[in-house]
Amino acid sequence: MINNNKILYSGMQATGSLTLGNYLGALKNWVNLNEEYECIYGVMDLHSLTVRQNPAEFRKNARSLYALYMAAGLDPEKNCIYYQSHVPAHAQLSWILGCFTYMGELNRMTQFKDKAAKHTENINAGLYTYPVLMAADILLYQADVVPVGQDQKQHLEITRDIAQRFNGIYGDVFTVPEAYIAKAGAKIMSLQEPQKKMSKSEENPNASIWLLDDRDSIIRKFKRAVTDSDTVVRYAEEKAGISNLMDIYGCVTGKDSAEIEKEFEGKGYGEFKLAVGEAVADELLPLQKRYGQFIQDKEYLDSMIQKNDEKAAYYASKTLRKVYKKVGFTEPAK
Ligand code: ATP
Ligand code: LTN
(Lines give C-alpha, C1' and ligand atoms only; values in the text may rest on other atoms or scores of the structure.)
(Ligands and ions follow the chains in the order given, each with its own letter.)
Protein backbone atom coordinates (compact mmCIF):
# COMPACT_ATOMS: atom_id res chain seq x y z
CA MET A 1 0.00 0.00 0.00
CA ILE A 2 1.03 3.62 0.30
CA ASN A 3 3.66 3.12 2.97
CA ASN A 4 4.93 0.33 5.14
CA ASN A 5 2.37 0.80 7.88
CA LYS A 6 0.17 -2.11 8.80
CA ILE A 7 -3.37 -1.99 7.46
CA LEU A 8 -6.34 -1.54 9.77
CA TYR A 9 -9.88 -2.06 8.52
CA SER A 10 -13.29 -1.63 10.11
CA GLY A 11 -16.76 -0.29 9.53
CA MET A 12 -20.34 -0.05 10.71
CA GLN A 13 -23.64 -0.77 9.12
CA ALA A 14 -25.51 2.27 7.88
CA THR A 15 -28.63 1.19 9.71
CA GLY A 16 -30.36 3.71 11.94
CA SER A 17 -28.37 6.04 14.11
CA LEU A 18 -25.33 5.03 16.16
CA THR A 19 -25.66 4.11 19.83
CA LEU A 20 -23.41 4.69 22.79
CA GLY A 21 -22.48 0.98 22.41
CA ASN A 22 -21.19 1.56 18.88
CA TYR A 23 -19.28 4.56 20.13
CA LEU A 24 -17.65 3.13 23.25
CA GLY A 25 -17.15 -0.35 21.80
CA ALA A 26 -15.78 0.74 18.46
CA LEU A 27 -15.71 4.30 17.09
CA LYS A 28 -14.11 6.03 20.10
CA ASN A 29 -11.24 3.53 19.99
CA TRP A 30 -10.54 4.17 16.31
CA VAL A 31 -9.45 7.76 16.79
CA ASN A 32 -5.66 8.24 16.56
CA LEU A 33 -5.08 4.69 15.27
CA ASN A 34 -3.98 6.33 12.02
CA GLU A 35 -0.74 7.27 13.76
CA GLU A 36 0.18 3.60 13.87
CA TYR A 37 -1.79 2.08 11.00
CA GLU A 38 -2.98 2.81 7.51
CA CYS A 39 -6.68 3.07 8.42
CA ILE A 40 -9.62 2.22 6.18
CA TYR A 41 -13.22 2.53 7.39
CA GLY A 42 -16.32 1.60 5.44
CA VAL A 43 -19.90 2.78 5.57
CA MET A 44 -21.23 -0.77 5.33
CA ASP A 45 -24.35 -0.14 3.31
CA LEU A 46 -24.37 -3.51 1.49
CA HIS A 47 -24.64 -5.20 4.88
CA SER A 48 -27.50 -2.90 5.91
CA LEU A 49 -29.68 -4.32 3.18
CA THR A 50 -29.98 -7.62 5.05
CA VAL A 51 -32.71 -5.82 6.98
CA ARG A 52 -35.46 -4.04 5.02
CA GLN A 53 -34.65 -0.32 4.57
CA ASN A 54 -36.71 2.67 3.60
CA PRO A 55 -34.66 4.06 0.64
CA ALA A 56 -34.80 7.75 1.58
CA GLU A 57 -34.00 7.10 5.24
CA PHE A 58 -31.28 4.66 4.30
CA ARG A 59 -29.53 7.24 2.12
CA LYS A 60 -29.75 9.75 4.95
CA ASN A 61 -28.43 7.30 7.54
CA ALA A 62 -25.44 6.40 5.39
CA ARG A 63 -24.45 10.05 5.04
CA SER A 64 -25.06 10.65 8.70
CA LEU A 65 -22.77 7.74 9.54
CA TYR A 66 -20.03 9.27 7.39
CA ALA A 67 -20.39 12.59 9.23
CA LEU A 68 -20.44 10.81 12.60
CA TYR A 69 -17.15 9.09 11.81
CA MET A 70 -15.72 12.53 11.18
CA ALA A 71 -17.37 14.07 14.24
CA ALA A 72 -15.90 11.35 16.43
CA GLY A 73 -12.47 12.48 15.28
CA LEU A 74 -11.61 10.46 12.17
CA ASP A 75 -10.06 12.88 9.72
CA PRO A 76 -11.01 11.79 6.17
CA GLU A 77 -7.74 13.23 4.88
CA LYS A 78 -5.83 10.79 7.08
CA ASN A 79 -8.25 7.86 7.16
CA CYS A 80 -9.75 6.33 4.04
CA ILE A 81 -13.49 6.58 4.84
CA TYR A 82 -15.60 5.34 1.96
CA TYR A 83 -18.90 3.72 0.97
CA GLN A 84 -18.86 -0.06 0.62
CA SER A 85 -21.44 0.04 -2.21
CA HIS A 86 -19.19 2.37 -4.23
CA VAL A 87 -16.56 -0.35 -4.57
CA PRO A 88 -17.95 -3.25 -6.64
CA ALA A 89 -15.05 -5.52 -5.68
CA HIS A 90 -16.76 -6.26 -2.33
CA ALA A 91 -19.66 -8.05 -4.00
CA GLN A 92 -17.32 -9.71 -6.51
CA LEU A 93 -14.96 -11.14 -3.92
CA SER A 94 -17.87 -12.09 -1.71
CA TRP A 95 -19.21 -14.42 -4.41
CA ILE A 96 -15.85 -16.12 -4.74
CA LEU A 97 -15.33 -16.51 -0.99
CA GLY A 98 -18.85 -17.91 -0.69
CA CYS A 99 -17.60 -20.86 -2.72
CA PHE A 100 -14.95 -21.45 -0.06
CA THR A 101 -17.27 -21.23 2.95
CA TYR A 102 -19.22 -24.18 4.34
CA MET A 103 -22.85 -24.02 5.31
CA GLY A 104 -21.91 -25.75 8.55
CA GLU A 105 -19.70 -22.76 9.41
CA LEU A 106 -22.43 -20.23 8.64
CA ASN A 107 -24.96 -22.26 10.63
CA ARG A 108 -22.91 -21.65 13.74
CA MET A 109 -22.98 -17.85 13.56
CA THR A 110 -24.78 -16.46 16.58
CA GLN A 111 -25.55 -13.11 14.92
CA PHE A 112 -27.47 -14.95 12.20
CA LYS A 113 -29.44 -16.90 14.78
CA ASP A 114 -30.25 -13.74 16.76
CA LYS A 115 -31.27 -11.72 13.72
CA ALA A 116 -33.27 -14.57 12.20
CA ALA A 117 -35.19 -14.85 15.46
CA LYS A 118 -35.79 -11.09 15.45
CA HIS A 119 -36.86 -10.78 11.80
CA THR A 120 -38.89 -13.95 11.28
CA GLU A 121 -40.70 -12.34 8.33
CA ASN A 122 -37.45 -11.73 6.41
CA ILE A 123 -34.86 -14.45 6.96
CA ASN A 124 -33.10 -13.77 3.66
CA ALA A 125 -30.02 -15.36 2.10
CA GLY A 126 -28.06 -12.12 2.61
CA LEU A 127 -28.51 -12.39 6.34
CA TYR A 128 -27.12 -15.91 6.14
CA THR A 129 -24.09 -15.04 3.98
CA TYR A 130 -23.43 -11.76 5.85
CA PRO A 131 -20.13 -13.11 7.30
CA VAL A 132 -18.85 -13.95 3.80
CA LEU A 133 -19.31 -10.36 2.66
CA MET A 134 -17.61 -9.20 5.85
CA ALA A 135 -14.68 -11.51 5.10
CA ALA A 136 -14.50 -10.01 1.61
CA ASP A 137 -14.41 -6.47 3.08
CA ILE A 138 -11.48 -7.30 5.28
CA LEU A 139 -9.48 -9.51 2.92
CA LEU A 140 -9.79 -7.13 -0.05
CA TYR A 141 -7.68 -4.60 1.80
CA GLN A 142 -5.19 -7.15 3.13
CA ALA A 143 -5.98 -5.91 6.64
CA ASP A 144 -3.68 -6.86 9.50
CA VAL A 145 -6.01 -5.71 12.27
CA VAL A 146 -9.76 -5.22 12.60
CA PRO A 147 -11.01 -3.24 15.62
CA VAL A 148 -14.56 -4.31 16.54
CA GLY A 149 -16.75 -4.89 19.58
CA GLN A 150 -16.95 -8.28 21.27
CA ASP A 151 -20.07 -9.29 19.29
CA GLN A 152 -18.06 -9.40 16.03
CA LYS A 153 -15.37 -11.79 17.26
CA GLN A 154 -17.00 -14.83 15.69
CA HIS A 155 -17.13 -13.07 12.32
CA LEU A 156 -13.42 -12.36 12.58
CA GLU A 157 -12.75 -16.01 13.30
CA ILE A 158 -14.61 -17.17 10.22
CA THR A 159 -12.76 -14.55 8.15
CA ARG A 160 -9.47 -16.01 9.32
CA ASP A 161 -10.64 -19.54 8.53
CA ILE A 162 -11.70 -18.54 5.01
CA ALA A 163 -8.41 -16.71 4.40
CA GLN A 164 -6.33 -19.65 5.63
CA ARG A 165 -8.34 -22.12 3.56
CA PHE A 166 -7.93 -20.00 0.43
CA ASN A 167 -4.21 -19.47 1.05
CA GLY A 168 -3.83 -23.20 1.63
CA ILE A 169 -5.14 -23.90 -1.87
CA TYR A 170 -3.71 -20.97 -3.88
CA GLY A 171 -0.66 -19.78 -1.96
CA ASP A 172 -0.25 -16.56 -0.02
CA VAL A 173 -3.09 -14.44 -1.38
CA PHE A 174 -4.61 -12.89 1.74
CA THR A 175 -3.20 -11.43 4.93
CA VAL A 176 -4.79 -13.32 7.84
CA PRO A 177 -6.28 -10.55 10.05
CA GLU A 178 -6.31 -10.25 13.83
CA ALA A 179 -9.32 -8.97 15.78
CA TYR A 180 -8.57 -6.00 17.99
CA ILE A 181 -11.09 -5.77 20.80
CA ALA A 182 -10.64 -2.96 23.29
CA LYS A 183 -11.13 -4.03 26.90
CA ALA A 184 -13.17 -1.04 27.98
CA GLY A 185 -16.59 -0.77 26.37
CA ALA A 186 -16.31 -3.99 24.35
CA LYS A 187 -19.89 -4.81 25.22
CA ILE A 188 -22.27 -2.10 26.39
CA MET A 189 -25.60 -3.53 27.45
CA SER A 190 -29.18 -2.32 27.04
CA LEU A 191 -30.33 0.12 29.74
CA GLN A 192 -33.64 -1.72 30.02
CA GLU A 193 -32.51 -5.35 29.65
CA PRO A 194 -28.90 -5.47 30.84
CA GLN A 195 -28.54 -9.09 29.66
CA LYS A 196 -28.87 -7.91 26.03
CA LYS A 197 -26.37 -5.75 24.14
CA MET A 198 -27.30 -2.16 23.42
CA SER A 199 -28.32 -2.17 19.78
CA LYS A 200 -29.07 0.27 16.97
CA SER A 201 -32.11 -1.64 15.90
CA GLU A 202 -33.66 -1.60 19.39
CA GLU A 203 -37.32 -0.70 19.50
CA ASN A 204 -37.62 0.42 23.13
CA PRO A 205 -36.48 4.08 23.09
CA ASN A 206 -35.31 3.93 26.71
CA ALA A 207 -32.97 0.99 26.12
CA SER A 208 -30.36 2.70 23.91
CA ILE A 209 -28.60 6.05 24.03
CA TRP A 210 -28.24 7.49 20.55
CA LEU A 211 -25.21 9.64 19.86
CA LEU A 212 -27.40 12.51 18.74
CA ASP A 213 -29.77 12.36 21.74
CA ASP A 214 -30.08 15.69 23.57
CA ARG A 215 -28.83 16.16 27.12
CA ASP A 216 -32.24 15.85 28.78
CA SER A 217 -33.08 12.59 27.02
CA ILE A 218 -29.70 11.14 27.93
CA ILE A 219 -30.11 12.00 31.61
CA ARG A 220 -33.72 10.78 31.65
CA LYS A 221 -32.79 7.43 30.09
CA PHE A 222 -30.04 6.86 32.63
CA LYS A 223 -32.43 7.74 35.46
CA ARG A 224 -34.80 5.06 34.17
CA ALA A 225 -32.08 2.46 33.67
CA VAL A 226 -32.94 -0.95 35.16
CA THR A 227 -30.78 -1.82 38.18
CA ASP A 228 -31.52 -4.08 41.18
CA SER A 229 -33.05 -3.97 44.65
CA ASP A 230 -29.68 -3.51 46.37
CA THR A 231 -28.37 0.01 47.05
CA VAL A 232 -24.60 -0.35 46.80
CA VAL A 233 -22.68 0.73 43.69
CA ARG A 234 -20.56 -2.38 43.23
CA TYR A 235 -19.27 -4.30 40.20
CA ALA A 236 -20.65 -7.87 40.25
CA GLU A 237 -21.99 -10.44 37.84
CA GLU A 238 -25.36 -10.59 39.55
CA LYS A 239 -25.64 -6.78 39.34
CA ALA A 240 -25.75 -6.58 35.53
CA GLY A 241 -27.50 -3.19 35.35
CA ILE A 242 -25.17 -1.41 37.80
CA SER A 243 -22.08 -3.08 36.33
CA ASN A 244 -23.07 -1.86 32.87
CA LEU A 245 -23.51 1.70 34.17
CA MET A 246 -20.10 1.41 35.83
CA ASP A 247 -18.58 0.25 32.53
CA ILE A 248 -20.09 3.24 30.76
CA TYR A 249 -18.98 5.68 33.45
CA GLY A 250 -15.51 4.12 33.43
CA CYS A 251 -15.17 4.44 29.64
CA VAL A 252 -16.15 8.07 29.72
CA THR A 253 -14.19 9.19 32.78
CA GLY A 254 -11.23 6.81 32.57
CA LYS A 255 -11.86 5.59 36.14
CA ASP A 256 -11.65 1.90 37.04
CA SER A 257 -14.35 0.06 38.99
CA ALA A 258 -12.54 0.37 42.36
CA GLU A 259 -12.37 4.14 41.94
CA ILE A 260 -16.02 4.31 40.96
CA GLU A 261 -17.09 2.18 43.94
CA LYS A 262 -15.17 4.51 46.21
CA GLU A 263 -16.59 7.67 44.62
CA PHE A 264 -20.16 6.48 45.24
CA GLU A 265 -19.66 4.83 48.60
CA GLY A 266 -22.62 5.64 50.87
CA LYS A 267 -24.48 7.31 47.98
CA GLY A 268 -27.63 5.93 46.41
CA TYR A 269 -28.33 4.70 42.89
CA GLY A 270 -30.12 7.96 42.06
CA GLU A 271 -27.00 10.03 42.52
CA PHE A 272 -24.88 7.52 40.61
CA LYS A 273 -27.28 7.37 37.65
CA LEU A 274 -27.37 11.15 37.43
CA ALA A 275 -23.56 11.30 37.42
CA VAL A 276 -23.40 8.72 34.60
CA GLY A 277 -26.01 10.61 32.57
CA GLU A 278 -24.19 13.92 32.98
CA ALA A 279 -20.81 12.43 32.15
CA VAL A 280 -22.17 10.84 28.96
CA ALA A 281 -23.97 14.03 27.91
CA ASP A 282 -20.75 16.02 28.47
CA GLU A 283 -18.76 13.52 26.44
CA LEU A 284 -21.19 13.61 23.51
CA LEU A 285 -21.75 17.35 23.32
CA PRO A 286 -18.57 18.27 21.36
CA LEU A 287 -19.18 15.35 18.98
CA GLN A 288 -22.72 16.55 18.38
CA LYS A 289 -21.52 20.07 17.64
CA ARG A 290 -18.96 18.83 15.12
CA TYR A 291 -21.56 16.58 13.55
CA GLY A 292 -23.84 19.58 13.01
CA GLN A 293 -21.08 21.37 11.14
CA PHE A 294 -19.96 18.44 8.98
CA ILE A 295 -23.41 17.34 7.89
CA GLN A 296 -24.10 20.84 6.58
CA ASP A 297 -20.90 21.13 4.61
CA LYS A 298 -22.14 19.26 1.56
CA GLU A 299 -19.24 20.16 -0.70
CA TYR A 300 -16.52 19.03 1.67
CA LEU A 301 -18.32 15.81 2.52
CA ASP A 302 -18.87 14.98 -1.16
CA SER A 303 -15.26 15.72 -2.06
CA MET A 304 -13.97 13.47 0.74
CA ILE A 305 -16.34 10.66 -0.21
CA GLN A 306 -15.27 10.83 -3.83
CA LYS A 307 -11.57 10.95 -3.09
CA ASN A 308 -11.69 8.07 -0.62
CA ASP A 309 -13.99 5.93 -2.78
CA GLU A 310 -11.35 6.10 -5.50
CA LYS A 311 -8.57 5.23 -3.12
CA ALA A 312 -10.48 2.25 -1.72
CA ALA A 313 -11.40 1.03 -5.20
CA TYR A 314 -7.75 1.14 -6.19
CA TYR A 315 -6.61 -0.99 -3.23
CA ALA A 316 -9.49 -3.42 -3.64
CA SER A 317 -8.98 -3.93 -7.36
CA LYS A 318 -5.40 -4.99 -6.76
CA THR A 319 -6.45 -7.87 -4.51
CA LEU A 320 -9.37 -8.83 -6.73
CA ARG A 321 -7.14 -9.04 -9.81
CA LYS A 322 -4.81 -11.35 -7.94
CA VAL A 323 -7.69 -13.57 -6.81
CA TYR A 324 -9.14 -13.78 -10.35
CA LYS A 325 -5.78 -14.94 -11.62
CA LYS A 326 -5.24 -17.47 -8.83
CA VAL A 327 -8.61 -19.17 -9.21
CA GLY A 328 -8.10 -19.46 -12.97
CA PHE A 329 -10.64 -17.05 -14.45
CA THR A 330 -9.91 -16.35 -18.12
CA GLU A 331 -8.71 -12.83 -18.78
CA PRO A 332 -10.95 -10.87 -21.15
CA ALA A 333 -9.52 -10.63 -24.71
CA LYS A 334 -7.59 -7.41 -25.21
P1 ATP B 1 -27.68 -3.69 14.75
O2 ATP B 1 -28.38 -3.48 16.04
O3 ATP B 1 -28.37 -3.03 13.58
O4 ATP B 1 -27.30 -5.09 14.49
P5 ATP B 1 -25.25 -2.81 15.91
O6 ATP B 1 -25.65 -1.81 16.94
O7 ATP B 1 -24.82 -4.14 16.35
O8 ATP B 1 -26.35 -2.89 14.81
P9 ATP B 1 -23.11 -2.62 13.96
O10 ATP B 1 -23.06 -1.73 12.80
O11 ATP B 1 -23.46 -4.03 13.69
O12 ATP B 1 -24.12 -2.10 15.06
O13 ATP B 1 -21.75 -2.53 14.76
C14 ATP B 1 -20.80 -1.53 14.61
C15 ATP B 1 -19.68 -1.71 15.64
O16 ATP B 1 -20.17 -1.42 16.93
C17 ATP B 1 -19.09 -3.10 15.70
O18 ATP B 1 -17.70 -3.01 15.88
C19 ATP B 1 -19.73 -3.69 16.92
O20 ATP B 1 -18.93 -4.69 17.50
C21 ATP B 1 -19.85 -2.49 17.81
N22 ATP B 1 -20.96 -2.61 18.76
C23 ATP B 1 -22.27 -2.73 18.46
N24 ATP B 1 -23.02 -2.79 19.57
C25 ATP B 1 -22.16 -2.71 20.62
C26 ATP B 1 -22.33 -2.72 22.05
N27 ATP B 1 -23.51 -2.80 22.60
N28 ATP B 1 -21.22 -2.61 22.82
C29 ATP B 1 -20.00 -2.50 22.26
N30 ATP B 1 -19.77 -2.49 20.94
C31 ATP B 1 -20.84 -2.59 20.11
N1 LTN C 1 -20.61 -6.74 10.85
C2 LTN C 1 -20.00 -5.54 11.35
C3 LTN C 1 -19.94 -4.42 10.35
C4 LTN C 1 -18.93 -4.78 9.34
C5 LTN C 1 -17.52 -4.83 9.55
C6 LTN C 1 -16.97 -5.25 8.32
C7 LTN C 1 -16.70 -4.58 10.65
C8 LTN C 1 -19.17 -5.15 8.06
N9 LTN C 1 -18.00 -5.42 7.43
C10 LTN C 1 -15.62 -5.43 8.18
C11 LTN C 1 -15.32 -4.77 10.50
C12 LTN C 1 -14.80 -5.19 9.27
C13 LTN C 1 -20.74 -5.11 12.54
O14 LTN C 1 -20.18 -4.39 13.26
N15 LTN C 1 -21.93 -5.55 12.74
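Hydrogens, waters and symmetry mates are skipped; everything else that's a heavy atom, side chains included, is used. The model shown is predicted, which means the values in this text are computed figures rather than measured ones. Atoms within each ligand, like the ligands themselves, are counted from 1 in listed order.
- Closest to atom 3 (C) of ligand 2 among all protein heavy atoms lies Gly11 O, 3.7 Å.
- Within a 6.0 Å radius of CD in Glu203, other residues, nucleotides and ligands contribute 12 heavy atoms or fewer.
- Of all the heavy atoms of Gln152, the ones lying under 4.0 Å from any atom of ligand 2 belong exclusively to the side chain.
- No option in Val323, Thr319, Ile40 other than Thr319 meets the side chain to side chain contact (heavy atoms under 4.5 Å, CB included) test with Leu140.
- At least one N or O atom of Asn22, backbone or side chain, sits closer than 3.5 Å to an N or O atom of ligand 1.
- In summary, Arg52 and Glu121 do not engage in a salt bridge, as defined by a charged side-chain N under 4.0 Å from a carboxylate O.
- The distance from atom OH of Tyr141 to atom CG of Leu8, rounded to the nearest 0.5 Å, is 13.5 Å.
- Taking every heavy atom of His47 and a limit of under 4.0 angstrom, the matching atoms of ligand 2 come to 8 (C), 9 (N).
- Atom CG of Leu97 and atom CD of Gln92 lie 12.0 Å apart (nearest 0.5 Å).
- Of the N or O atoms in Val148, none lie within a sub-3.5 Å distance of an N or O in ligand 1.
- Under the 4.0 angstrom criterion for non-hydrogen atoms, Lys115 is in contact with ligand 1.
- Checked by distance only, ligand 1 and Met189 stay at 3.5 Å or farther apart across all their nitrogen or oxygen atoms.
- Applying the 4.0 Å criterion to heavy atoms of Gln13 picks out, from ligand 2, the atoms 15 (N).
- Every atom of ligand 1 with a heavy atom of Gly25 under 4.0 Å away is listed here by number and element: 29 (C), 30 (N).
- Under the 4.0 Å criterion applied to side-chain N and carboxylate O atoms, Lys6 and Glu178 are not assigned as salt-bridge partners.
- The protein heavy-atom contact nearest to atom 9 (N) of ligand 2 is Asp137 OD2, 2.6 Å.
- In summary, the atoms of ligand 2 found under 4.0 Å from a heavy atom of Tyr130, numbered by their order in the structure, are 1 (N), 2 (C), 3 (C), 13 (C), 15 (N).
- Between the CD1 atom of Ile209 and the OG atom of Ser190 there is a distance of 10.0 Å, given to the nearest 0.5 Å.
- Ligand 1 has no N or O atom lying under 3.5 Å from any N or O atom of Thr19, backbone or side chain.
- Listed for the Arg224 side chain is no donor-acceptor partner under 3.5 Å among the backbone atoms of Asn206.
- Interface of Lys187 with ligand 1, defined as ligand atoms under 4.0 Å from a residue heavy atom, comprises 28 (N), 29 (C).
- Here Val148 has side-chain heavy atoms under 4.0 Å from ligand 2, and that is the only part of it that gets that close.
- For Lys200, a nitrogen or oxygen atom sits less than 3.5 Å from a nitrogen or oxygen atom of ligand 1, counting backbone and side chain alike.
- For ligand 1, one of its N or O atoms has an N or O atom of Ser199 under 3.5 Å away.
- Counting the atoms of ligand 2 from 1 in the order shown, those under 4.0 Å from a heavy atom of Val146 are 11 (C), 12 (C).
- Where the criterion is an N or O separation shorter than 3.5 Å, residue side chain and backbone included, Gly149 meets it with respect to ligand 1.
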Report the C-alpha distance between Lys298 and Asp302 in whole Å, list the side-chain angles of each, state the deciding distance to 0.1 Å, and finish with yes or no for salt bridge (Lys or Arg N to Asp or Glu O under 4.0 Å). CA-CA 6 Å; Lys298 186 172 177 313; Asp302 284 341; 3.0 Å; yes

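- Of the N and O atoms on the side chains of Gln111 and Asp151, not one donor lies less than 3.5 Å from an acceptor on the other residue.
- Checked against a 6.0 Å centroid threshold, the rings of Phe264 and Tyr249 count as neighbours.
- Evaluated by nearest non-hydrogen atom to atom 5 (P) of ligand 1, the leading choice among Lys197, Glu202, Met12, Gln13 is Lys197.
- Checked against a 3.5 angstrom limit, the closest N/O atoms of Ile188 and ligand 1 fall inside it.
- Between Leu68 atom CG and Leu287 atom CG the span is 6.5 Å, to the nearest 0.5 Å.
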